[in-house]
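As structure tokens, the structure follows; a few thoughts come after it.
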Amino acid sequence: MTIYRATVLDTPESPFEGGRLRAEQDCGIAVEGGDVVDRGAFARVRAARPDDEVVDLTGGVLLPGLVDTHVHFPQVRVIGGLGMPLLDWLTECALPEEARMASVDYARGVAAEFVDGLLRAGTTTSLVFGAHFPAAVDLLFERAASVGLRIAAGLVVSDRMLRAELLTTPEQSYAEGVALAARWHGKDRLRYAVTPRFSLSTSDAMLEACAAVLRDVDGALFTSHINENGAEIDTVRGLFPEHSHYTDTYHRRGLLGPRSVLAHNVHPDDAELDLLADTGTAVAHCPSSNSALGSGLFPLRRHVERRVRVALGTDVGAGTGFSLLREGLQAYFVQSLRVPDGLPLTPAHLLYLATLAGAEALDLGEQVGDLSVGKQFDAVWIRPEDGSTLDVVLAHADDADDALAKVFALGGPADVRGVWVGGDRLR
Ligand SMILES: [Zn+2]
């Protein structure tokens, strides 16, 4: 057994439903077999276990492992392609790079860079948009398994309106999807996610094939994109004239539910929000990407008021990096810029969105997302370099909420000093 000694901040209850930041200075967390088995004042936890090893993480703060609910494996090398709206960015920046993943050697290099990027940012759990090529998806799973991260991912499928080498058929996508799931779903910390790129690039028959994989792989997740950009939404409306709205293109095929995550949803109508709430579908809010592509200012208040579950995604490579801390800060900026209906966010909201909300969106809320007794020890130690600006402002923080605000304002991968998943130290 190991006892971790740290200042611990987490959000075991949603601040959107009255929860507050839980902050414990000089906290002891006892971990056995990867699980938190005790926590409280260090002196008490230590006295109860005088022979256990103590890991001293004093200085900085210990947070639950960060959760990224939307991030693209093949797009690491194209981060920073600024200056284009969504469909132009896809054509000119993202999809040429995605086509390079047909090369196993190329994909192997990107898989290593991608998994390393998550780890450096303190992201312990993620829902990953895979590649259009099964061999590349194998490499991603292989790498994540060898490092020890929690990842759900899958083969990205499309059968229209993308460059030819990224297209497949419903039959082939089904066969490749269930084969990938047989290799990886439920192995170590990995799960399979059925992943049509978006309705724009998937025919009815392809969405049916996705539904078949979802039915046949017990416990699989579903993920795609929705309502990101005006031109995209208009195109989808034209392609599915018999559907009442974009959300219905997924719902009609039974693709929405409590293990489904749709990215963006910047421009939903109320009927769509109600449908997402009724089905328990979560939305991955990706504020850096929305800002970089000029997609719009996310209507968080409408989601919360209509009880749609929301978590954060970095959306690398349209997003500008792997850090969920920066994503939280950007979510705060976006709400402050939404006039008059922005939802003011506290530091506790930002932490919740970056941790437990993500765990719940990925159906892992019972296992991870905070550092309560009974949960897995997934944690990130934010310990800035001595004399760095974050170090200076943390030393002058008024209280725990203020310290957490500082972490979101200034923290990043350079401040991540330790990362644990299921009690294993990965960094
Ligand atoms: Zn995306």
Side-chain angles (χ1 to χ4, degrees), residues 67-82 84-99 101 110 114 117-118 121 123 126-132 136-137 140 151-158 161-162 166 193-202 210 221-233 235-236 246-247 249-250 255 260-268 281-296 298 310-324 326-327 330-331 334 358 361-362:
V67 181
D68 191 340
T69 61
H70 186 70
V71 56
H72 291 258
F73 152 47
Q75 297 179 9
V76 190
R77 296 181 184 182
V78 297
I79 294 172
L82 302 178
M84 289 165 272
L86 173 67
L87 298 178
D88 296 340
W89 176 82
L90 276 172
T91 304
E92 291 173 35
C93 195
L95 298 182
E97 178 70 3
E98 298 236 0
M101 303 295 280
V110 175
F114 177 79
L118 293 174
T123 300
S126 49
L127 174 56
V128 179
F129 238 76
H132 287 265
V137 180
L140 169 67
I151 280 189
L155 181 69
V156 181
V157 300
S158 291
M161 296 181 73
L162 303 183
L166 300 182
V194 176
T195 314
R197 185 158 206 106
F198 51 172
S199 296
L200 189 148
S201 67
T202 46
C210 289
L221 287 85
F222 172 79
T223 192
S224 195
H225 295 100
I226 195 160
N227 289 326
E228 182 173 0
N229 158 292
E232 168 218 15
I233 295 166
T235 307
V236 170
Y246 197 158
T247 304
T249 62
Y250 301 121
L255 296 168
S260 301
V261 179
L262 293 175
H264 302 304
N265 212 33
V266 181
H267 308 285
T281 304
V283 167
H285 171 35
C286 308
S288 294
S289 166
N290 295 163
S291 302
L293 297 176
S295 300
F298 182 69
V310 176
L312 287 179
T314 60
D315 198 22
V316 158
T320 51
F322 285 103
S323 176
L324 266 305
R326 187 161 61 176
E327 216 56 53
Q330 191 67 24
V334 165
L362 306 188

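Since we're looking at a predicted model, the values are computed, not measured. In each ligand, atom 1 is the first atom listed, and ligand 1 is the first ligand listed.
Taken from CD in Glu327 to OG1 in Thr123, the straight-line distance is 10.0 Å, to the nearest 0.5 Å. Between the OG atom in Ser288 and the CG atom in Leu324 there is a gap of 10.0 Å [rounded to 0.5 Å].
Within the sub-2.8 Å shell of the Zn ion (ligand 1), the protein contributes these N/O/S atoms: His70 NE2, His72 NE2, His225 NE2, Asp315 OD1.
Remark: the backbone N or O of Ala193 is paired with a side-chain donor or acceptor of Thr195 at under 3.5 angstrom. Side-chain N or O atoms of Ser126 include none that pairs as donor or acceptor with a backbone N or O of Asp68 at under 3.5 Å.
In this pair, His264 and His225 present their aromatic rings parallel. The plane angle is below 30°, not in the 30 to 60° band.
The shortest side-chain heavy-atom distance between Leu162 and His132 falls under the 4.5 Å cut-off.
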